[in-house]
J.: 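Got a structure here, written out as structure tokens. Questions coming.
Side-chain atoms are counted along with the backbone in the values below, which use heavy atoms only and exclude waters and symmetry mates. So that the names make sense, note that chain A is the first sequence line, chain B the second, and so on, each numbered from 1. Bear in mind the structure is a predicted one, so any value in this text is a computation, not a measurement.
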2 protein chains.
Amino acid sequence: MNYQEAKDSFINTWGSLGTLWGINKAMAQIHALLFISPEPLSMEDIMEELHISRGNTSMNLRQLIDWGIVYKTSVAGERKEFFKSEKDVQELARTVARERSRREIQPTLKVLKDVCSIEDDGSVKTKELIKKTKELYELASTADAILNRIASQESNWVTKTLMKLVK
Amino acid sequence: MNYQEAKDSFINTWGSLGTLWGINKAMAQIHALLFISPEPLSMEDIMEELHISRGNTSMNLRQLIDWGIVYKTSVAGERKEFFKSEKDVQELARTVARERSRREIQPTLKVLKDVCSIEDDGSVKTKELIKKTKELYELASTADAILNRIASQESNWVTKTLMKLVK
DNA sequence: TTTAACTTTCAATAATTTTTGAAAGTTTAG
DNA sequence: CTAAACTTTCAAAAATTATTGAAAGTTAAA
């Protein structure tokens with residue numbers, strides 16, 4: 001496997017993985033490209049490398065910036081804008097943890113809390129609904145606590161702590 | 001909020017959450033419905049409750065069974081098949097952990113391993129590709145180890161261990 | 001200013017994913 | 001066996017999501 005093959009393979013894999021954690025393919029591919037690029041890239045560069053349109057590139061870059069894992073940057077003597085990604089994998093993991101907690105788990109917790117707090121009318125089905133959503137609430141709370149812990153720690157806490165668990 | 005509202009709210013929320021971890025809405029909704037139902041349900045029951053077609057119900061039930069979180073069951077004196085979900089949240093978490101590792105992380109690890117093993121031709125961009133994919137490989141390996149640990153433990157290990165972490 | 005370089009927006013289009021429903025398949029009672 | 005009850009399959013249709021590209025918007029050099 002040469003450089004170009006390896007690069008394409010990485011960008012593709014990262015692209016399809018993205019859809020699984022809720023960001024779309026183009027967005028994940030742009031991130032992948034920037035992540036392995038030693039230099040910041042312009043919009044033209046990205047469009048050309050990934051064969052996607054200007055509009056698509058612009059919109060997805062914006063989302064990556066919203067997520068906080070891509071930054072705008074300027075290059076001396078150049079009029080146009082350049083983009084670079086967060087290069088620290090630990091920081092990347094922390095950002096993802098933070099955003100997933102905020103976007104997914106917390107709204108779910110809110111609903112689960114409301115649902116498991118309905119009045120118990122004594123029927124079997126109501127009891128079951130309350131019981132099961134309460135259990136899910138506990139589980140989701142634990143998951144959320146972990147994500148927030150990960151999100152708030154210094155750079156290598158994740159690996160160190162998780163490694164202890166794995167032993 | 002009465003029983004019906006709470007139930008709909010739960011099914012909807014669980015349905016949209018599903019799309020985020022890679023299973024589709026109908027599949028997640030069927031799971032939600034079975035999860036809070038005190039009795040096994042027939043295909044008719046599910047179709048009627050969720051307003052989805054017979055074909056859709058059949059296909060999604062099959063997938064849930066493949067995932068290992070829904071079981072076929074029979075009801076005395078009834079010809080047709082009934083379905084019930086795994087009721088233990090810990091077991092549910094373990095199944096999800098196992099399946100996510102198998103379906104997503106392990107294939108990714110394989111690609112990352114290949115990519116970061118390309119020959120270093122000395123160029124800056126090759127060095128960067130190798131370095132960054134190696135870092136991602138470590139991170140993903142750690143995540144995978146955790147998931148497998150979760151997937152292989154007895155019922156309440158997850159909560160207990162995670163709780164230690166959170167303290 | 002003005003104008004060229006560049007970016008964003010968004011309606012239209014394309015691609016993908018989900019859903020349907022009816023035909024084919026399977027199972028079991030009689 | 002046959003027929004009725006039930007389930008699965010899958011091509012077509014619908015719904016959803018992603019992408020394009022050109023017009024509108026912005027910025028900064030001159």
J.: Rounded to whole Å, how long is the line connecting atom CE of A:Met47 with atom P of D:dT20?
T.: 9 Å

J.: Report all interatomic pairs (protein N or O, nucleotide N or O of nucleotides 7-9 of chain D) with separations under 3.5 Å.
T.:
| unit_1 | atom_1 | unit_2 | atom_2 | d |
| --- | --- | --- | --- | --- |
| D:dT7 | OP1 | B:Glu81 | N | 3.3 |
| D:dT8 | OP2 | B:Ser58 | OG | 3.1 |
| D:dT9 | OP2 | B:Arg62 | NE | 3.4 |
| D:dT9 | OP2 | B:Arg62 | NH2 | 2.3 |

J.: Are A:Asp8 and A:Asn12 linked by a side-chain donor-acceptor pair shorter than 3.5 Å?
T.: no

J.: So, does B:Asn148 use its side chain to make a donor-acceptor pair with the main chain of B:Asp144 at under 3.5 Å?
T.: yes

J.: Short question: side chain of A:Ser101, backbone of A:Ala97 - any donor-acceptor pair under 3.5 Å?
T.: no

J.: How close or far is atom P of C:dT18 from atom CD of B:Gln63, stated in whole angstroms?
T.: 9 Å

J.: Rounded to the nearest Å, what distance is computed from the CD1 atom of residue B:Ile52 to the P atom of nucleotide C:dG21?
T.: 12 Å

J.: With the threshold set at 4.0 Å, does a side-chain nitrogen-carboxylate oxygen contact exist between A:Glu128 and B:Lys87?
T.: yes

J.: Taking atom types as modelled and ignoring hydrogens, do the side chains of A:Ser42 and A:Asp45 form a donor-acceptor contact shorter than 3.5 angstrom?
T.: yes

J.: In whole Å, I'd like the distance from the CG atom of B:Asn60 to the P atom of C:dT18.
T.: 9 Å

J.: Round to a whole Å and report the spacing from CD of B:Gln29 to C1' of C:dT19.
T.: 13 Å

J.: Test of understanding: with side-chain hydrogen bond (donor to acceptor under 3.5 Å, both in side chains), list the residues that count as partners of B:Asp120, not counting sequence neighbours.
T.: B:Lys127

J.: Hey, does the side chain of B:Ser9 reach the backbone of B:Glu5 with a donor-acceptor pair shorter than 3.5 angstrom?
T.: no

J.: Measure from CG on A:Asn24 to C1' on C:dA14 and round the result to the nearest Å.
T.: 15 Å

J.: Taking only nitrogen or oxygen atoms into account, show me every contact under 3.5 Å that the protein makes with nucleotides 25-30 of chain C, one pair per line with its distance.
T.:
| unit_1 | atom_1 | unit_2 | atom_2 | d |
| --- | --- | --- | --- | --- |
| C:dT27 | O2 | B:Arg79 | NH2 | 2.9 |

J.: Roughly how many Å is it from CG in B:Leu61 to P in C:dT18, rounded to a whole number?
T.: 16 Å

J.: Identify whether the distance between the nearest side-chain nitrogen and carboxylate oxygen of B:Lys7 and B:Glu49 falls below 4.0 Å.
T.: yes

